[in-house]
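Inspection log for the structure reproduced underneath, given as structure tokens.
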Amino acid sequence: MLSFRKHEHFITIMKVSPEKIPQLALLHNGKPVNFLCKTMQKVEAEENNLLQFPHRHQYYTIIWIEKATGTHQIDFKSYAVSSQTIFFIGPEQVHHLLLKGKPKGRVFLFTNDFLEANGIPQQFLSGLELFFACDEIKPIRLKSSQIPEMKSYADHIFKEFANDQYLKQESIAAWLKLFLIACKRLKAENADLNSPLQNPRSRTVKEFKNLLEKNYARQHKVSDYAKALHLSANYLNEVIKEETGQSIKDLIQNRIILEAKRLATYSDYSMKETSFQLGFDDPSHFSKFFRNCTATDYTTFRNEIRKMYL
């Protein structure tokens, strides 16, 4: 469920799924659930040192590393793992956590259904901007003065999860919401005051990014997104450019390329299969698109990246 593996040296071992990137469901004792929390120590014990693959989830993941060192690979970025760091992984992200020594920490796993059933709408989660939405989401590194508050919320979640009491799920959701709000505040403390997080026009940016995340494999035109948001293409592009520094076309292309790189690295899809997966009717069109965006052809990229990771 959670992929982290202990190594004496940080050597990445990545296996390719026969057809696609593994996407894991949320299970507890072999049965589907909507919420789960575990200590990292328990996760390590349950893995029994079996080889773990880079994978993506069908749910949201929060990893609070209280004590550990290593690296966390999220898509094609590598983050140094240090104590008192909180990582946020969305359902579509491919990640692999490699740790040295005995890790200590907590893991929270939950689905959209869990949030909706307990009065936490998707719009609230999107507004927090803690999870992947086309952009890199950097981890939060806690200061010593911030740990007690976060520990209090986490302790309450674990306590409720361990017992079968009246309104158990509702209580877990309430404490989880407080935990997420606290994370948002910590992130905001480190945010640039001129960033989209502080700008009134950020709502349009959020709505566009949410649409892009859902539709990048089907909708490649600026006009598609402008129409969905009931805005003119020129106005939408102006807002996105002003708030992000990139054009809508750039953001659409970057999201498609990210998925293409994921499939090239972690799946056995051919270029033709990848092109169809990403909404291209003509593989030659996809090949040209990939080369223009990356300055290399798809086959060369796949061969080179697999030399590095596999």
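Keep in mind that the numbers below use all heavy atoms, side chains included, and drop hydrogens, waters and symmetry copies.
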Ring centre gap for [X] and [Y] strictly below 6.0 Å:
X	Y	result
Phe110	Tyr59	no
Tyr153	Phe179	no
Phe87	His95	no
Tyr79	His72	no

Drop me the distance from [X]'s [atom1] to [Y]'s [atom2], to the nearest 0.5 angstrom.
X	Y	atom1	atom2	result
Gln122	Leu125	CD	CG	5.5 Å
Phe290	His285	CZ	NE2	14.0 Å
Gln146	Glu189	CD	CD	5.5 Å
Ser275	Phe289	OG	CZ	12.0 Å
Ile256	Gln277	CD1	CD	12.5 Å
Cys183	Ile140	SG	CD1	4.5 Å

Output yes when a side-chain donor or acceptor of [X] lies under 3.5 Å from a complementary backbone atom of [Y], and no otherwise.
X	Y	result
Asn215	Arg218	no
Lys261	Ile305	no
Asn163	Gln165	no
Ser171	Leu167	no
Glu213	Asn210	no
Asp282	Ser284	yes

Worksheet item: What do the steps show when you test Leu180 against Phe131 for side chain to side chain contact (heavy atoms under 4.5 Å, CB included), and what is the final call?
Response: CA-CA 11 Å; Leu180 290 169; Phe131 295 91; 4.3 Å; yes
Discussion item. Between Tyr266 and Val94, is the side chain to side chain contact (heavy atoms under 4.5 Å, CB included) condition met? List the steps.
Written reply: CA-CA 9 Å; Tyr266 305 118; Val94 178; 3.4 Å; yes
Worksheet entry | Criterion side chain to side chain contact (heavy atoms under 4.5 Å, CB included) on Ile65 and Ile86, from CA distance to verdict | CA-CA 6 Å; Ile65 297 173; Ile86 303 177; over 6 Å; no
Item to complete: Scan Lys102, Arg106, Lys104 and name whichever one has a salt bridge (Lys or Arg N to Asp or Glu O under 4.0 Å) with Glu66.
Response: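 The salt bridge (Lys or Arg N to Asp or Glu O under 4.0 Å) with Glu66 is passed solely by Arg106 among Lys102, Arg106, Lys104.
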Practice prompt. Would you indicate whether the side-chain heavy atoms of Ser126 and Lys206 approach each other to under 4.5 Å?
Written response: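 No - every pair of side-chain heavy atoms lies 4.5 Å or more apart.
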Taking atom types as modelled, is there a side-chain donor on [X] or [Y] under 3.5 Å from an acceptor on the other?
X	Y	result
Ser247	Asp250	yes
Gln73	Ser78	no
Asp155	Ser152	no
Glu259	Tyr216	yes

Worksheet item: Between Asp164 and Lys168, does a salt bridge (charged side-chain N to carboxylate O under 4.0 Å, His left out) hold up when you go through it step by step?
Response: CA-CA 6 Å; Asp164 289 320; Lys168 171 181 176 177; 3.2 Å; yes
Worksheet item: Got a sec: does the NZ of Lys272 have more than 12 other heavy atoms crowding it under 6.0 Å?
Response: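 Count not over threshold, so no.
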Item to complete: Step through the shown structure and confirm whether more than 12 heavy atoms of other residues, nucleotides or ligands are within 6.0 Å of CG on Asp281.
Response: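 Atom CG in Asp281 is not crowded, with 12 or fewer foreign heavy atoms closer than 6.0 Å.
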Worksheet entry | Heavy-atom pair with the smallest gap, counting every atom of Lys249 and Val222 |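 What the structure gives for the nearest pair is N-CG2, 4.2 Å.
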Item to complete: Mind running salt bridge (charged side-chain N to carboxylate O under 4.0 Å, His left out) on Asp268 and Arg302 for me, showing each step along the way?
Response: CA-CA 10 Å; Asp268 276 348; Arg302 182 173 59 185; over 6 Å; no
Discussion item. Which residue is it: Phe161, Phe108, Phe35? I am looking for the one with a ring pair (Phe, Tyr, Trp, His ring centres under 6.0 Å) to Phe114.
Written reply: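 Only match with Phe114 under ring pair (Phe, Tyr, Trp, His ring centres under 6.0 Å): Phe35.
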Discussion item. Does the Lys NZ or Arg CZ of Arg291 fall within the cation-pi geometry relative to Tyr298 - under 6.0 Å from the ring centre and within 45° of the axis?
Written reply: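 Not flagged: Arg291 not positioned over aromatic ring of Tyr298.
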Item to complete: Start with the C-alpha distance between Ile62 and Val107, add both sets of side-chain angles, then the distance that settles side chain to side chain contact (heavy atoms under 4.5 Å, CB included), and finish with yes or no.
Response: CA-CA 6 Å; Ile62 301 173; Val107 181; over 6 Å; no
